[in-house]
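Computed from a predicted structure; not experimentally measured. Residue numbering restarts at 1 for every chain, and letters A, B, ... go by the order of the sequence lines. All values below were derived from every heavy atom in this structure, side-chain atoms included, with hydrogens, water molecules and symmetry-related copies excluded.
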Amino acid sequence: MTIDRVETNKGSAAPIAYVERPLPAVNLGALTLFALVFALLGLGIWEGYWRGVEGIQPSYRNSDSAWTVQRRRISQGEGDATLVIGSSRMLFGFNLDQWQQKTGARPIQLALQGTSPIVVLEDLAKDRSFTGKLLIGVTPGLMFSGRGFRHNVVELAHKETRSQRFGHWLSQRLLEPHFAFYGDDEYALFTILERQAWPQRTGFDLRPRVRKISLSDADRQTRLWDRVERDPSYQALAKQIWSLGWRPIKPEDLEKHHGMIQREIQRAAAAVKTLRARGVPTIFVRLPSAGPFYQYEQATYPRATSWDVLLQASGAPGIHFEDHPSLQGLTLPEYSHLNSHDAKVATEAIAEIIEREALWLR
Amino acid sequence: MLFNSLTFVVFFVLVLALHRMPFGWVVKKFNLLLASYVFYAAWNPPFVLLLWFSTVLDWWAANAIARSENLRRRKALLMVSVLSNLGLLAYFKYGGFVLSNFSLGMQALGLDYQAPVWNIVLPVGISFYTFQTMSYTLDVYLGRAKPANSFLDFALFVTFFPQLVAGPIVRPTDLLPQFVRERVATIEQLCWGFMLMLLGLFEKIVLADGVFAPVSERVFGAATLVHPLDAWLGTMAFSGQIFCDFAGYTTCAIGASLMLGFALPDNFKFPYAAIGFSDFWRRWHISLSTWLRDYLYVPLGGNRHGEVRTYINLMLTMLLGGLWHGAAWTFVVWGGLHGIYLVLERGLRARFGELAVWRTALGQVSLMLLTYSLVCITWVFFRATDFASAWRMLQAMLGLDRSGAAVLSSYLVLSALVGVGGLLSTHWYMRDRELHQLAARTPAWLLGIALGSMLLLILITQGEGSAFIYFQF
């Protein structure tokens, strides 16, 4: 390490006191080149594994910034668009292409998986630049509990820095369409490590995270992942993970549970009333669920005390799959989400029901 | 703009390319200044005005101080600079804290006072650059440095983007002389700087965010009492997270500067290998601890006025150091605990001196582990959002209540053990070594594989671009 002790410096009045960074006595150029080649080779093998062994193709990430880009379209001249909000059932089960084909306009997809739409709904109610139409997907276990792990995106949409926006822009052009390993955080190193069959710790209540079940396009047009549709063992895994969340309400918690449902209904109704007063037509949509998932929802969030009350409190019309034969008999490979084919069928059916019953006018 | 973002990669490549083009030195410095403003504006453009305010004020104050022979006038000018900088900090960082405490005080006196809502956004890095500009006027006042001859150089000193938002807090004599003559990195500096950036990003993305954060977030995010094992692992994981996050940032800053041809000082020297707390503070956030020593502890009298005054000065310095980190009493307690540790260490040394047993290898390792454990206790207050959760954590860690729930999966337990074990071993091994010495001694093929592996792990970890923890300070 060398310390420059020259006390004065031509052109500067400040004495020099800085310490030059010491460099290791090795061939740094060759070392850097070797490290870069090594990393690129490793990355090539990693990408090859995901493409060749796992059969993964590049796809767009369902990231927070992907959502905020769609959310900002409202204030960028598309305030009169039709918006789709809700949870994963509306995200995977509502097909934007099909709707566009049927109605002539492509909606903006703002549904968030694993998340109640009420926070998004309240945000839209406050945004006077939104003057279009609104479809609200209702997944009982999320809508009436207010739960969700992606509520942060609403705040991010208002606070996202230019740097974050540019980063997303770059990612959607330079990385996501080209690298399979980067298409989902499912393939991230630490997610893979966490999902190994580690011996379980005594007394620890393990709740595995939901596995990858969808594929997205750049504008969040999303569908159920092919593997969920065709791989029975993967379907079984998805079903098993859902089943861990089906916990009956304890008798002592019933009052609290009903209070929670009422509170969330009031929140949703208040926001919907604000939107309708502003001339924004709003329709609730309950897409199908099946098997034990449907039974759990029937038992925990009975229609009479949740869905029916929601429509009554908000004054908005609704489309419940139980009321429409065209929304029944569809395929839900893991009980909760429509397969990609039937998502188109359901979307077309919803468009027809709305038109037939003139729901936008009610 | 975060170092761990795609935006920064593009930004830095452009800056580097501009810096290596055949422009004049003034043009290159102007490019760097402009790039620094762009870097800062990427968060919140209006806050660039604060940088300009600090820059113009301190440029004017320092020049006026240097020109004046009148002591009262020099003092008055210094006070204008210091109070303005501290005023900025007070308004943006401590306004809400003061108001809420005032409100609590009024209520304690039985007065029904409701403080107004304080919705002021904290400008990123304000604590760092206000301290940096203050050191300039203070050094000029104290005769340690002469004012910069060029406003461009001074503006670049305040704004230099690699270290602008989270340090190291550089002194005028660290950086200003480097702006006088043209500096462009040699190929060796470029490569070593790149390797330092790799190391910094590895610390942040792989270790801090990938290994440690999931553990600490699970434990500190629990709303109820956790099992003693989980409490310890969560706290130790946080010790790893905060080190790798902050040291990762400064290593990137040093690397980026070196790639541009500039030298920044070290900010960390393997602090978890510290034996005792004065040693810890010579190794942890060195640029802040030396700032507090030079501009607070020593002016307060340091150790020149007897034991009691020394202890008081130490406590005051550490309490204010705690408050520098954040506007919350938990940070004050964090600083206070470090102050108490320093006072006790000083007292014990004065009473017992250096015992031979502590100089053995076993003694040294034991002291290091004791220091680390006590540092971990302080991290509880640093990480916890309130005293209730800090107390819950301490109850579990000290075994006062063992009824807490297990919140860590076996994977996270293993992750914490391997991560913390690796970190402590590395710090111990590197305790009296420097990185470039280690690199020179390691076989080239092994070093290449290690660096290539770090880059590969950074890429396949798919970091979420989370902000560095110290940005909030």
Side-chain angles (χ1 to χ4, degrees), chain A residues 1 4 9-43 46 161-164 166-168 170-171 174-175 181-182 185 187-191 193-196 198-206, chain B residues 1-2 5-8 10 42-44 145-149 153 171-178 180-181 187-189 191-192 194-195 210-211 214 254 258 263 265 405-411 413-414 434 436-437 439-440 444-445 447-449 451-453 455-457 459-462 465:
Chain A
M1 190 177 290
D4 192 341
N9 190 27
K10 193 179 175 186
S12 168
I16 295 175
Y18 62 88
V19 178
E20 291 291 356
R21 298 293 318 174
L23 302 175
V26 290
N27 185 339
L28 289 166
L31 192 62
T32 306
L33 194 65
F34 180 87
L36 285 173
V37 170
F38 183 89
L40 286 176
L41 275 175
L43 196 65
W46 186 250
T161 62
R162 279 151 189 79
S163 168
Q164 287 171 308
F166 184 59
H168 173 69
L170 288 171
S171 174
L174 301 180
L175 300 179
F181 83 90
Y182 192 67
D185 56 11
Y187 320 134
L189 176 67
F190 289 101
T191 310
L193 285 176
E194 187 166 13
R195 285 190 176 153
Q196 298 309 304
W198 302 103
Q200 283 315 306
R201 185 179 170 199
T202 315
F204 178 70
D205 182 16
L206 182 70
Chain B
M1 200 182 298
L2 303 172
S5 69
L6 276 176
T7 309
F8 181 77
V10 173
W43 272 286
N44 199 336
K146 291 179 182 173
N149 286 343
D153 287 8
R171 305 293 177 85
T173 46
D174 284 332
L175 206 49
L176 276 170
Q178 300 189 51
V180 175
R181 275 195 299 266
I187 293 298
E188 285 72 25
Q189 285 175 322
C191 293
W192 185 238
F194 173 72
M195 288 173 198
V211 175
I254 291 167
L258 192 59
V407 294
L408 295 175
S409 66
S410 45
Y411 163 72
V413 168
L414 188 67
E434 293 203 37
H436 66 282
Q437 296 168 338
W445 63 269
L447 192 57
I449 288 175
L451 287 165
S453 302
L455 177 55
L456 180 61
L457 289 171
L459 295 172
I460 68 176
T461 293
Q462 292 187 20

Under a 4.5 Å heavy-atom cut-off, does chain B meet the side chain of A:Leu41, its backbone, both or neither? neither
Could you report the tightest heavy-atom contact between B:Leu457 and A:Leu189, atom names first, then the distance? CD2-CD2, 3.6 Å
Heavy-atom distance under 4.5 Å to chain A: side chain of B:Val211, backbone, both or neither? both
Heavy-atom closest pair (B:Ser453 atom, A:Phe38 atom, distance to 0.1 Å) is OG-CE2, 3.4 Å
Highest number of heavy-atom pairs under 4.5 Å with chain B among A:Thr161, A:Thr202, A:Leu174 belongs to A:Thr161
Under a 4.5 Å heavy-atom cutoff, which of A:Ala35, A:Ser171, A:Pro24 has the most pairs with chain B? A:Pro24
Chain A contact via B:Gln437 - which portion, at a heavy-atom distance below 4.5 Å: neither
Do B:Ile460 and A:Tyr187 have side-chain heavy atoms sitting under 4.5 Å apart? no
Is there a side-chain contact between B:Phe194 and A:Leu36 in this structure, where contact means two heavy atoms from C-beta onward sitting under 4.5 Å apart? yes
Nearest-0.5 Å distance that lies between atom CD in B:Gln462 and atom CZ in A:Phe190: 12.0 Å
Name the option with the most non-hydrogen atom pairs under 4.5 Å to chain B; the candidates are A:Glu194, A:Arg162, A:Gln196. A:Glu194
A side-chain contact here means heavy atoms from C-beta on lying under 4.5 Å apart; do A:Arg201 and B:Val413 qualify? yes
Whether the side chain of A:Ser163 engages the backbone of B:Ala42 through a donor-acceptor N/O pair (distance < 3.5 Å, no angle test) should be reported. no
With chain A as the partner, which of B:Pro214, B:Cys191, B:Pro265, B:Ala444 has the greatest number of non-hydrogen pairs under 4.5 Å? B:Cys191
Can you tell me how far apart NE2 (A:His168) and OG1 (B:Thr7) are? Round to the nearest 0.5 Å. 11.5 Å
Would you tabulate the side-chain donor-acceptor contacts of residues 25-32 of chain A under 3.5 Å, counting partners in other chains and residues two or more places apart, or write 'none'?
unit_1, atom_1, unit_2, atom_2, d
A:Asn27, OD1, A:Gly29, N, 3.3
A:Asn27, OD1, A:Ala30, N, 3.2
A:Thr32, OG1, A:Leu28, O, 2.7

Show the nearest heavy-atom pair for residues A:Trp198 and B:Ser410, with the distance to one decimal. CB-OG, 3.6 Å
Among B:Leu456, B:Leu175, B:Asn44, residue most engaged with chain A (heavy-atom pairs, under 4.5 Å): B:Leu456
Report yes if the side chains of B:His436 and A:Leu23 come closer than 4.5 Å at any heavy-atom pair, otherwise no. no
Any side-chain heavy atom of B:Leu451 sitting closer than 4.5 Å to one from A:Phe34? no
Output for pair (B:Met1 CE, A:Gln164 CD), nearest 0.5 Å, gives 11.5 Å
In chain order, what residues pass the salt bridge (charged side-chain N to carboxylate O under 4.0 Å, His left out) check against A:Arg195, with sequence neighbours excluded? A:Glu186
Do B:Leu455 and A:Leu40 have side chains that approach each other closer than 4.5 Å (heavy atoms only, starting at C-beta)? no
Would you check, one step at a time, whether the test side-chain contact (heavy atoms from CB on, under 4.5 Å) holds for A:Trp46 with B:Leu459? CA-CA 10 Å; A:Trp46 186 250; B:Leu459 295 172; over 6 Å; no
Check whether B:Leu408 gets within reach of chain A through its side chain, its backbone, both or neither, counting any heavy atom under 4.5 Å. both
